[in-house]
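Some notes on the structure that comes next.
Indexing begins at 1, ligand by ligand and atom by atom, following the structure's order. Computed from heavy atoms alone, side chains included, the values below leave out hydrogens, waters and symmetry copies.
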Amino acid sequence: MSDPIHVSSVRELSRNIGNQVILSGWLDNKRSSGKIAFLQVRCGGGTVQAVAGRKDVSDEAWADIEKVTQESTIRLTGTVKEEKRSPSGVEIQLAGFEILHLTQDFPITPKEHGTAFLMEHRHLWLRSSRQRSALRVRSEVEQAIRDFFYERDFTLIDSPILTPAACEGTSNLFETDYFGDKAYLSQSGQLYLEPAAAALGKVYCFGPTFRAEKSKTRRHLMEFWMVEPEIPFLEFDGLCDLTEEFVAYLVRRVLERCQPELKVLERDQSKLEAIVPPFPRITYTEAVERLNKAGNPIVWGDDFGGDEETILASQFDRPVLVSRFPAAFKAFYMQPAPEDDRVVLGVDLLAPEGYGEIIGGSQRIHDHDLLLQRIRQHDLPLEAFQWYLDVRKYGAYPHSGFGMGIERFVAWMCGLSHLRETIPYPRMLYKIYP
Ligand code: 4AD
Ligand code: MG
């Protein structure tokens, strides 16, 4: 017989049906009758069941199987069998078993724990099946994002994290000392994408962004990952089309490739299957009328909060694009609407089921003097924005882009009510451990 093959993931196991393999991993769970034992072993990409008959293994291996505890590290040898009833599609018939490290008193047991306790043990909580599933959905979404832009000839631009200026208002900046000067952790890579788009055409960035959000909500993190495309010569309607195409692509990808995870998360998939274009498009002014009709007292000029977003989104079975917001509460760089300069060509995509704003985007001001005027009106330090104005001095061009916080998107895909479970180590108000 040939030497056993070393494998490390469920996928590799499924390519080795009939073969002898060696697999190292962690014990998720165990059931034993004294004659036969069923071990749930966690390895790359999921768990696999290993079955050990008392007579199939040595006395020493059987003693270890009896003794092994939850979350111990183990190494097993066995034959891979096809098993249609198992989520992994395979099972291992054990021939050998070894404990590499015997874990005592793993703090997270199959019983219920409170969220505060789980958050304190986030580094261990990651091992739970729901947490693993959410993070695998996240990983798939990140890969799908890169594929979407790669397939459409975008160039990836890594924007800086340390910046001298604010992109999205000055109220939630993380400030740090930069050799005697002030620097801020980036709130958005957008300002750096705009000059890069003049160099490279369609571009996008995808990285961590930081906002010192002083309020404690289930939809805000201090550190989150944002993907931001920026497209030269794309105007507002084209931006809305791209937003719709992007979201529909990502939802389809999750449905296609994350079935095991969505099942663990008990996601109602019919809600996701309904996410197909065209998405409804309404203006801010229409949205205010709809809200008033629904009994919400908002007046024209007020920004939406979570409540308003939830009411609006609940009126549709797919995401809704809300556009043309009052300039007064939107970012300084948004292009005024041609028909009414009190409103800007900004668009928010609101997801259904209470998930609210997932994406914010706009056409950008490309006129130098108008942008200068807006920087002054917003009381922003002109010195810090000279380079940004250069884009409007040398080969100005109309352009648009958007930003999506991927934790909000992942929460929606997974049906999770709080963003903290969509990122491996959430950074929340007053909470930076572990
Ligand atoms: O609407 P925002 O502030 O837009 C921008 O930053 C633009 N510069 C993007 C662009 O046009 N290039 O943020 C974009 C998205 C939001 O729609 C939301 O999904 C997410 O970023 N987001 C947050 N996610 C988690 N926690 C927070 N504190 C977030 N703040 C924004
Ligand atoms: Mg926004």
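Of the candidates Q104, H101, R42, E71 forms a side-chain hydrogen bond (donor to acceptor under 3.5 Å, both in side chains) with just one, namely R42.
Taking distances strictly below 2.8 Å, the protein N/O/S atoms close to the Mg ion (ligand 2) are E357 OE2.
The main-chain N or O of S86 is never found under 3.5 Å from a side-chain atom of K84 such that the two would form a donor-acceptor pair. With T163 contributing its side chain and Y184 its backbone, the two residues share a donor-acceptor pair below 3.5 Å.
Judged by a 6.0 Å distance limit and a 45° cone about the ring axis, R392 is not positioned over the six-membered ring of Y394. Cation-pi check for R152 over Y249 is met; the charged atom lies under 6.0 angstrom from the ring centroid and within 45 degrees of its normal.
Atom CG of D177 has more than 12 heavy atoms from other residues, nucleotides or ligands within 6.0 Å.
In this structure, Y433 and H123 have perpendicular ring planes: the angle between them is above 60°, well past the 30° mark. Ring geometry for F233 against Y397 counts as tilted: the plane angle lies between 30° and 60°, on a 0 to 90° scale.
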Any protein N/O atoms within less than 3.5 Å of an N/O atom in ligand 1? List the atom names and distances, or say none.
{"unit_1": "ligand 1", "atom_1": "1 (O)", "unit_2": "E357", "atom_2": "OE2", "d": "3.1"}
{"unit_1": "ligand 1", "atom_1": "3 (O)", "unit_2": "R211", "atom_2": "NH1", "d": "2.7"}
{"unit_1": "ligand 1", "atom_1": "3 (O)", "unit_2": "R211", "atom_2": "NH2", "d": "3.3"}
{"unit_1": "ligand 1", "atom_1": "6 (O)", "unit_2": "E168", "atom_2": "OE2", "d": "3.3"}
{"unit_1": "ligand 1", "atom_1": "6 (O)", "unit_2": "R211", "atom_2": "NH2", "d": "2.8"}
{"unit_1": "ligand 1", "atom_1": "8 (N)", "unit_2": "E168", "atom_2": "OE2", "d": "2.6"}
{"unit_1": "ligand 1", "atom_1": "8 (N)", "unit_2": "S188", "atom_2": "OG", "d": "3.0"}
{"unit_1": "ligand 1", "atom_1": "8 (N)", "unit_2": "Q190", "atom_2": "OE1", "d": "2.7"}
{"unit_1": "ligand 1", "atom_1": "8 (N)", "unit_2": "Y333", "atom_2": "OH", "d": "3.3"}
{"unit_1": "ligand 1", "atom_1": "11 (O)", "unit_2": "Q190", "atom_2": "OE1", "d": "3.4"}
{"unit_1": "ligand 1", "atom_1": "11 (O)", "unit_2": "R364", "atom_2": "NH1", "d": "3.2"}
{"unit_1": "ligand 1", "atom_1": "11 (O)", "unit_2": "R364", "atom_2": "NH2", "d": "2.9"}
{"unit_1": "ligand 1", "atom_1": "12 (N)", "unit_2": "E228", "atom_2": "OE1", "d": "2.7"}
{"unit_1": "ligand 1", "atom_1": "12 (N)", "unit_2": "R364", "atom_2": "NH2", "d": "3.3"}
{"unit_1": "ligand 1", "atom_1": "12 (N)", "unit_2": "F402", "atom_2": "O", "d": "3.4"}
{"unit_1": "ligand 1", "atom_1": "17 (O)", "unit_2": "E357", "atom_2": "OE2", "d": "2.6"}
{"unit_1": "ligand 1", "atom_1": "17 (O)", "unit_2": "I358", "atom_2": "O", "d": "3.3"}
{"unit_1": "ligand 1", "atom_1": "17 (O)", "unit_2": "G360", "atom_2": "N", "d": "3.4"}
{"unit_1": "ligand 1", "atom_1": "19 (O)", "unit_2": "I358", "atom_2": "O", "d": "2.7"}
{"unit_1": "ligand 1", "atom_1": "19 (O)", "unit_2": "G405", "atom_2": "N", "d": "3.1"}
{"unit_1": "ligand 1", "atom_1": "26 (N)", "unit_2": "L221", "atom_2": "N", "d": "3.0"}
{"unit_1": "ligand 1", "atom_1": "28 (N)", "unit_2": "E213", "atom_2": "OE2", "d": "3.0"}
{"unit_1": "ligand 1", "atom_1": "28 (N)", "unit_2": "L221", "atom_2": "O", "d": "2.9"}

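Between the side chains of Q49 and E91, at least one donor N or O sits under 3.5 Å from an acceptor N or O.
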